[in-house]
Number of protein chains: 2
Amino acid sequence: MKIILEDLLEELKKNNIRLSHQRLKVLEFLVLNQCHPTADQIYNGLHKEVPTLSKTTVYNTLNSLTEANLVRVINIEDNETRYDINTFNHGHFKCQQCKEIYDFGIDIDSIYTDDLNGFKTTDKNVYFKGVCPKCSNA
Amino acid sequence: MKIILEDLLEELKKNNIRLSHQRLKVLEFLVLNQCHPTADQIYNGLHKEVPTLSKTTVYNTLNSLTEANLVRVINIEDNETRYDINTFNHGHFKCQQCKEIYDFGIDIDSIYTDDLNGFKTTDKNVYFKGVCPKCSNA
DNA sequence: TTTCTAACTTGTAATGATTACAAACTAATA
DNA sequence: TATTAGTTTGTAATCATTACAAGTTAGAAA
């Protein structure tokens, strides 16, 4: 599924989030860099192009976008929060060697359990860890 | 499934981890408090009984136990690492209101995807968030 | 277009979890 | 019981994230 910046802007308007220069740049970065970047990577990636950008703004923006369900937070590792512009139903695999995070398709809704009867589930995440084929063959 | 301290000690020996007083106390705490405590909660919970205990030791111990696969790390929230003595195949549900983490049974291995052919998977986590029945009815 | 204001941005300082380090201590073996 | 590698401890350092207050701006309204 392709992510289109125009659709995201539409969503921002719906959520009453102002289309500031900084926010558009962060969004654009996330669309162009779907490698699950950290806040720091986003900040560094945009710093040349938007020299006035502050790290606080990056965090603020990411929090706003998360609340509006435009980005998804990935907590696969305890010391780094990552952000994903792809909010469709999918899991994340992190290679312990090269540290890369791979998306994989799964139908999370097919995971069924009696244990959660009566629970309202709003957010589902599936995280796998291991070694990717590139690193296995190296 | 019941967790028995003796079995854990056996595992420690197998992994060449010395049975120090502090480690035994941390392990005991995890067995008695299967509420997925944070390092801080473990430290505070043991402080009266083991006044010399330092927070560094708690972290060191948790890291050793994790490496030996005796405890499982839960990264359901970005600002808090939690620890689970129950290493059996199960998922975690966090209530956004009361903050409690519930275990739920699922067969994680039944989650199938073609996308991970060639990947070696060593660790699988399923995290759900939402509202638990207690909070829904309140 | 201009004005207005709530919302946004910025830099600095604070917070809080986790780790680094080096000296003191101890489990377990011989 | 002596030895020593592994462990513990307290303090200081690190690093990601947030708080805050002053300056700036998007976007509505005149």
Side-chain angles (χ1 to χ4, degrees), chain A residues 8-29 36-68 70-71 73-83 99 101, chain B residues 8-29 36-68 70-71 73-83 99 101:
Chain A
L8 295 174
L9 299 188
E10 202 56 43
E11 278 302 309
L12 285 179
K13 281 181 194 159
K14 265 192 216 162
N15 283 277
N16 285 317
I17 298 179
R18 282 194 187 166
L19 285 65
S20 73
H21 182 57
Q22 293 84 341
R23 282 193 187 137
L24 297 183
K25 280 299 173 185
V26 169
L27 254 191
E28 188 189 67
F29 186 90
H36 321 91
T38 62
D40 202 62
Q41 288 170 335
I42 296 167
Y43 173 75
N44 286 316
L46 289 173
H47 195 250
K48 290 149 211 156
E49 207 186 339
V50 191
T52 75
L53 185 68
S54 85
K55 212 176 256 190
T56 302
T57 297
V58 174
Y59 279 107
N60 286 342
T61 298
L62 290 170
N63 288 338
S64 301
L65 296 177
T66 302
E67 244 176 277
L70 287 178
V71 306
V73 170
I74 304 175
N75 283 322
I76 198 167
E77 212 72 74
D78 53 352
N79 53 345
E80 57 176 27
T81 301
R82 295 179 167 275
Y83 297 89
K99 309 298 179 194
I101 293 178
Chain B
L8 296 173
L9 299 188
E10 202 56 43
E11 277 302 308
L12 285 180
K13 281 182 194 160
K14 266 192 217 163
N15 282 278
N16 284 318
I17 298 178
R18 281 196 189 164
L19 285 65
S20 73
H21 182 57
Q22 293 85 342
R23 283 195 186 135
L24 296 183
K25 280 298 174 186
V26 169
L27 255 191
E28 188 189 69
F29 186 89
H36 321 92
T38 62
D40 201 63
Q41 288 169 336
I42 296 168
Y43 173 74
N44 286 317
L46 289 173
H47 195 251
K48 290 148 212 156
E49 206 185 339
V50 191
T52 74
L53 186 68
S54 85
K55 211 176 254 189
T56 301
T57 298
V58 174
Y59 279 107
N60 286 343
T61 297
L62 290 170
N63 288 338
S64 300
L65 297 177
T66 302
E67 245 177 276
L70 286 178
V71 307
V73 170
I74 304 175
N75 283 322
I76 197 166
E77 211 72 74
D78 53 353
N79 54 344
E80 56 175 29
T81 300
R82 294 178 167 277
Y83 296 89
K99 309 298 180 195
I101 293 177

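Quantities reported herein were computed from a predicted structural model and do not represent experimental measurements.
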*asked:* Here's a test of your reading of the structure: between B:Q22 and B:N79, which maps to the more 5' nucleotide of DNA chain C?
replied: B:N79
*asked:* Need to verify one output field. Residue with the more 5' nearest nucleotide on DNA chain C, B:T38 or A:S54?
replied: A:S54
*Using a 4.0 Å heavy-atom cut-off across all strands, classify B:N60 as base, sugar-phosphate, or nothing.*
base
_Does A:S20 reach a base, just sugar-phosphate, or nothing at all? Heavy atoms under 4.0 Å._
sugar-phosphate
To the nearest Å, how far apart are [X] [atom1] and [N] [atom2]?
X	N	atom1	atom2	answer
A:E80	C:dT18	CD	C1'	14 Å
B:K55	C:dA17	NZ	P	6 Å
A:L62	C:dC8	CG	C1'	15 Å
A:N16	C:dA7	CG	P	10 Å
B:R23	C:dA27	CZ	C1'	10 Å
B:H21	C:dA27	NE2	C1'	13 Å
A:N63	C:dA7	CG	P	18 Å
A:N15	C:dC8	CG	P	12 Å

*Are the side chain of A:T57 and the backbone N or O of A:L53 linked by a donor-acceptor pair below 3.5 Å?*
no
Rounded to the nearest 0.5 Å, what's the gap from [atom1] on [X] to [atom2] on [Y]? Could you check?
X	Y	atom1	atom2	result
B:I74	B:T38	CD1	OG1	11.0 Å
B:K14	B:N16	NZ	CG	12.0 Å
A:D78	B:I76	CG	CD1	14.5 Å
A:R23	A:L65	CZ	CG	7.5 Å

Using a cut-off of less than 4.0 Å, is there contact between a side-chain N or O of [X] and OP1 or OP2 of [N]?
X	N	value
B:Y59	C:dT18	yes
B:R18	C:dT26	no
B:T81	C:dA17	no

Tell me, do [X] and [Y] make a side-chain contact under 4.5 Å, heavy atoms counted?
X	Y	answer
B:L24	B:L9	yes
A:V26	A:Q22	no
B:K13	B:L19	yes

*Which angle, to the nearest 10 degrees, lies between the helix axes at the two ends of the helix from C:dT1-D:dA30 to C:dA30-D:dT1, each defined by five pairs?*
40°
*Got a salt bridge between A:R82 and A:E80, using NZ or NE/NH1/NH2 to carboxylate O under 4.0 Å?*
yes
*Please tell me which of B:P51 and B:D78 maps to the more 5' nucleotide of DNA chain D, matching each residue to the nucleotide holding its nearest heavy atom.*
B:P51
*5' to 3' on DNA chain D, which nucleotides open and close the contacts with chain A (atom under 4.0 Å from a heavy atom)?*
D:dA16 to D:dG27
*asked:* If I compare all heavy atoms of A:Q41 with all of A:P37, which pair ends up nearest, and what's the gap?
replied: OE1-CA, 3.1 Å
